[in-house]
Amino acid sequence: MAKREYSYYPGCSSQKGASSSNMMKSVATMCEELDVQLNEIPDWNCCSASIGYGSGGELPRLVMSARNIALSEEHNPDQDIVATCAACWLSTREAAERFEDDENMFKEANEALAEAGMKLTNKTPIRHMAEVLIEDIGYEEIGKGVKKPLEGVKIAGYVGCQTNRPFGIDGESYENPMYLDGLVDALGGDSIPTYEKKVQCCGGALAFSEPEKSQEMIKGIIEAAYDNDADMIATPCPLCQANVEIYQDQINAKYGTKFDMPVVYYSQLISVAYGRNANDAALNGQIIKARKLEEIAAK
Amino acid sequence: MSTNTAMVEKYRNNFLKEVEANVEEGEWVKMCMQCGVCAGSCPLGNAWEHPPQEIFMMIRAGKREDVLTSDSMWMCTSCYNCIVRCPRELPITHIMHGLAHYAKRLGIQPKGNPTQWFSEVFWNNMMKKGRVNELKLGLSMYFKDGFVSGIKESLKNAKLGMNMQKTKRMAPMEFFGGHGVKNPGDLQKIIKKAQELEAARIEEHGK
Ligand code: SF4
Ligand code: SF4
């Protein structure tokens with residue numbers, strides 16, 4: 001039996017064939033190595049992300065999460081819900097807290113769920129995978145399993161917004177969280193604790209609807225990584241990863257920059273450092289190849 | 001009578017009360033002490049004609065139309081900078097979302113704003129199957145200004161699309177089927193009920 005077990009909420013962008021399917025794969029590899037068992041919430045639905053508010057309003061939006069929590073309580077009882085996507089984690093935890101604080105909202109959510117014979121108890125902790133790594137497992141234990149230290153790889157830890165605010169990881173500051181740097185160090189890489197754009201917004205969903213405004217911000221995130229001599233950016237957030245990686249061509253065309261900065265997930269770093277191959281670490285999912293990781297994985 | 005007119009009648013000259021009763025977390029607005037911290041927190045700062053601080057002031061000053069038809073709230077990237085910094089702990093992000101949604105509910109949102117449009121496409125896409133199909137979502141964004149400009153936009157992003165496909169991160173087959181929950185009908189029933197409950201609450205306020 002696995003050492004640790006959680007109820008897993010992967011989220012839309014992590015589905016097979018979706019934009020962060022590379023995270024899904026590397027998270028699976030990472031969990032295998034860390035002896036963590038993820039029990040997917042059966043038939044989970046979209047969390048409605050942070051853009052669902054426009055049409056969704058309050059109760060319908062929160063009820064999307066209520067259904068997921070209820071499913072988890074029914075099928076994976078007594079297991080913490082763990083999300084890998086920042087928006088999924090945030091929406092679900094926000095919903096749980098709103099139901100906790102607002103009895104009427106909680107009652108109405110259950111009224112809505114009853115339409116499909118479901119019931120929400122709302123007693124389940126909603127956690128982020130980063131919390132599992134840092135709080136449940138810890139840097140020391142993670143460091144012990146490293147087979148191929150990420151020696152000489154300089155990594156800008158880009159935490160972004162929603163993994164960091166409003167909930168964040170206990171004991172970390174909102175303006176300068178250190179846990180990604182701690183993780184990079186535990187894996188034997190070179191962290192950049194002073195990376196200025198660590199918690200800069202990538203535009204979120206507005207990278208789609210306001211591309212020019214968002215790309216200006218994304219440019220700053222990449223520029224600062226170059227200024228710090230980073231070999232790559234690492235992030236826990238699927239939207240950050242996509243936004244910072246995939247528009248580099250368009251930014252280059254517009255601003256005359258020559259960006260070619262890989263953006264990877266912490267789970268890919270762990271997979272490689274634990275000796276897994278490029279395929280298991282989903283390095284083939286990168287649009288901008290993370291060559292230094294590929295080299296280590298091939299060793 | 002439209003809900004908008006009903007609300008104008010009901011809350012005559014008291015927009016703050018209207019916001020408190022009908023906007024998500026609206027009861028917090030009166031707690032704002034106008035310190036200005038949030039105004040400097042929005043990543044798309046210069047795109048906000050009225051930063052959150054100003055919106056709160058305008059609500060108190062009864063500038064109903066200026067607030068609800070503004071595209072400022074639609075510039076919110078949900079970064080939560082404001083929430084963790086506000087000395088009065090106002091849930092600013094949610095109030096911005098709430099105002100934007102309330103304007104949309106009343107049908108007086110800025111129709112040309114791409115984010116309000118995107119949020120609707122997103123919601124509808126999600127409601128069909130319970131999960132979001134990113135490819136369909138992306139395509140509808142490009143086609144929002146009509147067919148010709150849609151083609152131009154998607155050509156501009158053609159390389160991006162190919163890159164995503166090559167890395168198998170946007171499988172074209174997704175477009176035809178894609179992911180979903182087992183029984184979208186059940187999910188839709190749940191959400192319909194939630195919508196009814198929310199609408200009933202607001203309608204009651206308009207009386
Ligand atoms: S930070 Fe808070 S108190 Fe200060 S202006 Fe903004 S909402 Fe008001
Ligand atoms: S969450 Fe929205 S309102 Fe708050 S700082 Fe970010 S963009 Fe501004």
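A, B, ... follow the sequence lines: proteins, then strands. Residue 1 opens every chain.
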If you count every heavy atom of other residues, nucleotides or ligands that lies below 6.0 Å from [X] atom [atom1], does the total exceed 12?
| X | atom1 | value |
| --- | --- | --- |
| B:Gln34 | CD | yes |
| A:Glu216 | CD | no |
| B:Glu203 | CD | no |

So what's closer than 4.5 Å to chain B heavy atoms on [X]: side chain, backbone, both or neither?
| X | result |
| --- | --- |
| A:Asp43 | both |
| A:Ile287 | both |
| A:Glu111 | both |

Exercise for the section: Given side chain to side chain contact (heavy atoms under 4.5 Å, CB included), test B:Met126 with A:Asn45 step by step and report yes or no. Expected result: CA-CA 9 Å; B:Met126 174 177 82; A:Asn45 55 259; over 6 Å; no
Distance-minimising heavy-atom pair for [X] and [Y]:
| X | Y | answer |
| --- | --- | --- |
| A:Pro166 | B:Val84 | CA-CG1, 3.9 Å |
| B:Phe122 | A:Ser48 | CE2-O, 3.5 Å |
| B:Trp74 | A:Leu206 | O-CD2, 3.6 Å |

Sort [X] into side chain, backbone, both or neither according to what part of it lies under 4.5 angstrom from a heavy atom of chain A.
| X | value |
| --- | --- |
| B:Gln195 | both |
| B:Lys182 | both |
| B:Arg85 | side chain |
| B:Asn46 | neither |
| B:Met75 | both |

Handout entry: chain B neighbours within residues 94-107 of chain A, where any heavy atom lies under 4.5 Å away
Key =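 From residues 94-107 of chain A, the residues near chain B are A:Glu94, A:Arg98, A:Asn104, A:Met105.
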Exercise for the section: Name, in order of residue number, those residues of residues 55-62 of chain A that have a heavy atom at a distance of less than 4.5 Å from a heavy atom in chain B; otherwise write 'none'. Expected result: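 Those residues of residues 55-62 of chain A which have a heavy atom under 4.5 Å from chain B are A:Ser55, A:Gly56, A:Gly57, A:Glu58, A:Leu59, A:Pro60, A:Arg61.
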Problem - Contact leader toward chain A among B:Asn113, B:Leu197, B:Asn124, B:Ile191, where contacts are heavy-atom pairs under 4.5 Å - result: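 Looking at each of B:Asn113, B:Leu197, B:Asn124, B:Ile191 in turn, B:Leu197 comes out on top.
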Problem - Max heavy-atom pair count under 4.5 Å with chain A, selected residue of B:Lys193, B:Lys189, B:Glu24 - result: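 Most heavy-atom pairs under 4.5 Å with chain A: B:Glu24.
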Which distance, rounded to the nearest 0.5 Å, do you find between the [atom1] of [X] and the [atom2] of [Y]?
| X | Y | atom1 | atom2 | result |
| --- | --- | --- | --- | --- |
| B:Glu120 | A:Ile51 | CD | CD1 | 11.5 Å |
| A:Ser209 | B:Gln116 | OG | CD | 10.0 Å |
| B:Leu44 | A:Lys213 | CG | NZ | 7.0 Å |

Top contributor to chain B contacts, counting heavy-atom pairs under 4.5 Å, from [options]:
| options | result |
| --- | --- |
| A:Ser50, A:Gly204, A:Ala66 | A:Ser50 |
| A:Asn164, A:Ile246, A:Val63 | A:Ile246 |
| A:Ala112, A:Gly117, A:Cys161, A:Cys201 | A:Ala112 |

Exercise for the section: For side chain to side chain contact (heavy atoms under 4.5 Å, CB included), just list the numbers for B:Leu187 and A:Met64, CA-CA rounded to whole Å, side-chain angles, deciding distance to a tenth of an Å, and then say yes or no. Expected result: CA-CA 8 Å; B:Leu187 178 73; A:Met64 293 295 288; 4.2 Å; yes
Exercise for the section: For side chain to side chain contact (heavy atoms under 4.5 Å, CB included), just list the numbers for B:Thr115 and A:Glu210, CA-CA rounded to whole Å, side-chain angles, deciding distance to a tenth of an Å, and then say yes or no. Expected result: CA-CA 7 Å; B:Thr115 302; A:Glu210 299 278 6; 3.8 Å; yes
Handout entry: Derivation and outcome, side chain to side chain contact (heavy atoms under 4.5 Å, CB included), residues A:Tyr53 and B:Ser119
Key = CA-CA 7 Å; A:Tyr53 69 83; B:Ser119 75; 5.5 Å; no
Handout entry: Carboxylate-amine/guanidinium proximity below 4.0 Å for A:Glu115 and B:Lys192
Key =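 Salt bridge between A:Glu115 and B:Lys192, a charged N being under 4.0 Å from a carboxylate O: no.
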Handout entry: Polar side-chain atom of B:Arg131 near backbone of A:Trp44 as donor-acceptor pair, under 3.5 Å
Key =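 Answer holds: yes.
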Exercise for the section: Give a yes or no answer on whether the side chain of A:Gln162 reaches the backbone of B:Ser78 with a donor-acceptor pair at less than 3.5 Å. Expected result: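 Judged by distance alone, yes, a pair lies under 3.5 Å.
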Exercise for the section: For the residue pair B:Ile190 and A:Met118, establish whether any side-chain heavy-atom pair is separated by less than 4.5 Å. Expected result: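 Sidechains of A:Met118 and B:Ile190: in contact.
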